[in-house]
Student: 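Please find one structure pasted underneath; my questions will follow.
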Amino acid sequence: MTKSELIEKLIDKMDHLSAKDVESATKEILEMMAETLEGGDRIEIRGFGSFSLHYRAPRVGRNPKTGESVDLTGKYVPHFKPGKELRERVNLSLA
Amino acid sequence: MALTKAEVSEHLYEKLGLSKRDAKMMVEEFFEEIRTCLEKGEQVKLSGFGNFDLRVKNERPGRNPKTGEDIPISARKVVTFRPGQKLKARVEESNND
């Protein structure tokens with residue numbers, strides 16, 4: 001499912017709202033989530049999961065083309081931990 | 001403070017003028033649609049944010065850490081999140097120390 005397919009499904013479900021409002025709301029939700037991580041904060045959605053930042057230590061990398069070594073600084077990367085309900089529901093088909 | 005559903009719906013109410021009830025429902029349904037899709041075994045690709053993928057893990061040997069007893073960890077499906085280029089760049093740029 002892509003973002004536009006998600007918007008279509010939400011338009012069907014939220015049929016008392018205009019398609020335009022549902023589209024804006026979906027985009028706002030994603031933007032707010034991105035801004036939160038950008039600001040260094042966590043996202044906690046019960047039953048879905050939490051997003052946090054994980055630190056990657058500085059390291060010496062290599063340019064794969066030239067083999068030259070490059071000093072890479074430490075950085076933060078987004079990390080997602082699925083919540084209980086999501087873990088269980090995804091697993092039902094195997095249980 | 002961590003971002004929660006309550007804050008997201010408050011934002012939809014303030015910024016888009018949705019009723020509080022609709023804003024709350026919108027946030028619930030947003031996450032519910034993603035869960036439903038993953039539950040069906042389908043990947044979710046949210047451009048600009050990231051992809052939720054499913055991985056199948058085979059059964060592997062495990063142990064009860066309290067009793068030391070050997071118990072197999074059953075085969076399972078797990079959700080993984082791969083942040084998109086844009087999200088990674090935004091997080092990296094504003095969190096450099």
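Within every chain, numbering begins at 1; the chains are lettered A, B, ... in the order of the sequence lines, protein sequences first and strands thereafter. Only a predicted model underlies this, so the values are computations on that prediction, with no experimental measurement involved.
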Student: Roughly how far, to the nearest 0.5 Å, is CZ of A:Arg42 from CG of B:Leu3?
Tutor: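 That separation rounds to 11.5 Å.
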Student: Of the backbone (N, CA, C, O) and the side chain (C-beta and beyond), which part of B:Leu12 lies under 4.5 Å from a heavy atom of chain A, both, or neither?
Tutor: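 Just its side chain gets close to chain A.
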Student: State whether B:Glu32 and A:Lys13 are salt-bridged, where the test is any N-O pair (Lys NZ or Arg NE/NH1/NH2 against Asp/Glu carboxylate O) under 4.0 Å.
Tutor: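 Answer for the salt bridge query: no.
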Student: What distance separates A:Arg89 CZ from B:Lys77 NZ, expressed to the nearest 0.5 Å?
Tutor: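 Output value for this atom pair is 13.0 Å.
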Student: Would you call the rings of B:Phe31 and A:Phe48 parallel, tilted or perpendicular, where under 30° means parallel and over 60° means perpendicular?
Tutor: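 B:Phe31 vs A:Phe48 ring planes: tilted.
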Student: Given a strict heavy-atom distance threshold of 4.5 Å, which part of A:Met32 is in contact with chain B: side chain, backbone, both, or neither?
Tutor: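 For A:Met32, heavy atoms of backbone and side chain both lie under 4.5 Å from chain B.
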Student: Taking all heavy atoms of A:Met14 and all of B:Glu29, pick out the closest pair and write down the distance.
Tutor: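 Minimum heavy-atom contact is SD-CG, 4.1 Å.
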Student: Decide if atom CD of B:Gln85 counts as having more than 12 heavy atoms of other residues, nucleotides or ligands within a radius under 6.0 Å.
Tutor: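 Not more than 12 within 6.0 Å, no.
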Student: Hey, could you give me the CD/SG distance between A:Glu5 and B:Cys37, rounded to the nearest 0.5 Å?
Tutor: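 SG of B:Cys37 is found 8.0 Å from CD of A:Glu5.
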Student: For chain B, which of A:Thr2, A:Leu86, A:Leu6, A:Leu53 has the most heavy-atom pairs under 4.5 Å?
Tutor: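 It is A:Leu86.
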Student: Show the nearest heavy-atom pair for residues A:Asn91 and B:Ala75, with the distance to one decimal.
Tutor: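 So the minimum-distance heavy-atom pair works out to OD1-O, 4.4 Å.
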Student: Let me confirm one number: the NE2-OG1 distance from A:His79 to B:Thr80, rounded to the nearest 0.5 Å.
Tutor: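 Taking NE2 in A:His79 and OG1 in B:Thr80, the distance rounds to 9.5 Å.
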Student: Is there a path of hydrophobic side-chain contacts, each under 4.5 Å between heavy atoms of I, L, V, M, F, W or Y residues, that connects A:Ile29 with B:Met1?
Tutor: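 They do not share one cluster, since no chain of ILVMFWY contacts under 4.5 Å joins A:Ile29 to B:Met1.
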Student: For A:Pro78, is it the side chain, the backbone, both, or neither that has a heavy atom closer than 4.5 Å to a heavy atom of chain B?
Tutor: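 Both parts, backbone and side chain.
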Student: Relative to chain B, which segment of A:Leu37 carries a heavy atom at a distance below 4.5 Å: side chain, backbone, both, or neither?
Tutor: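 A:Leu37 touches chain B through backbone and side-chain heavy atoms alike.
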Student: Is a side-chain donor or acceptor of B:Asn95 paired with a backbone partner of A:Glu38 at a separation under 3.5 angstrom?
Tutor: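 Side chain of B:Asn95 to backbone of A:Glu38: a pair is present.
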Student: Supply the atom-to-atom distance A:Leu17 CG to B:Met25 CE, rounded to the nearest 0.5 angstrom.
Tutor: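 So the CG of A:Leu17 and the CE of B:Met25 are separated by 8.0 Å.
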Student: Within the 4.5 Å heavy-atom criterion, are A:His16 and B:Asp22 side-chain neighbours or not?
Tutor: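 Yes, their side chains come closer than 4.5 Å.
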Student: I'd like to know which of B:Val79, B:Leu54, B:Asn51, B:Leu38 tops the heavy-atom pair count under 4.5 Å against chain A.
Tutor: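 Ranked by heavy-atom pairs under 4.5 Å with chain A, first place is B:Val79.
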Student: Which heavy atom of A:Glu28 sits nearest a heavy atom of B:Leu16, and at what distance?
Tutor: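 Answer, listing the atom of A:Glu28 first, then B:Leu16: CG-CD1, 4.1 Å.
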Student: So what's closer than 4.5 Å to chain B heavy atoms on A:Ile7: side chain, backbone, both or neither?
Tutor: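 The answer is neither part of A:Ile7.
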Student: Heavy atoms only: give me the nearest A:Leu10-B:Glu33 pair and the separation to one decimal.
Tutor: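 Result for this residue pair: CD2-CG, 3.7 Å.
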Student: Taking side chain as everything from C-beta outward and backbone as N, CA, C, O, which of these in A:Ser24 sits under 4.5 Å from a heavy atom of chain B? Side chain, backbone, both or neither.
Tutor: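 Both parts, heavy atoms under 4.5 Å.
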Student: Please classify the contact of B:Lys15 with chain A as side chain, backbone, both or neither, using a heavy-atom distance under 4.5 Å.
Tutor: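 Side chain only.
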Student: Should we say atom CZ of B:Phe81 is surrounded by more than 12 heavy atoms from elsewhere, each under 6.0 Å from it?
Tutor: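 More than 12 within 6.0 Å, yes.
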Student: Look only at the side chain of A:Asp41 and the backbone of B:Ala2, and say whether a donor-acceptor pair between them is shorter than 3.5 Å.
Tutor: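 No: the side chain of A:Asp41 does not pair with the backbone of B:Ala2.
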Student: Heavy-atom cut-off 4.5 Å, strictly under: side chain, backbone, both or neither for A:Leu30 against chain B?
Tutor: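 Both parts, heavy atoms under 4.5 Å.
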Student: Tell me, side chain or backbone of B:Leu18 under 4.5 Å from chain A's heavy atoms, or both, or neither?
Tutor: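 Looking at B:Leu18, just its side chain touches chain A.
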Student: For each of B:Gln43, B:Glu93, B:Lys86, tally heavy-atom pairs with chain A at distances under 4.5 Å, and name the one with the top tally.
Tutor: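 When all of B:Gln43, B:Glu93, B:Lys86 are compared, B:Gln43 has the most.
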Student: With chain B, which of A:Glu85, A:Lys3, A:Met1 has the greatest number of heavy-atom pairs at distances under 4.5 Å?
Tutor: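 Going by pairs under 4.5 Å, I would pick A:Met1.
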Student: In this structure, would B:Met26 and A:Ile11 fall into the same cluster of hydrophobic residues linked by side-chain contacts under 4.5 Å?
Tutor: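 Both belong to a single hydrophobic cluster.
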Student: Given heavy-atom pairs under 4.5 angstrom as the criterion, report whether the side chain, backbone, both or neither of B:Thr36 touches chain A.
Tutor: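 The answer is both parts of B:Thr36.
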Student: Where is the tightest heavy-atom contact between A:Val90 and B:Val78, given as atom of each residue plus distance?
Tutor: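 Taking every non-hydrogen atom into account, CG1-N, 4.5 Å.
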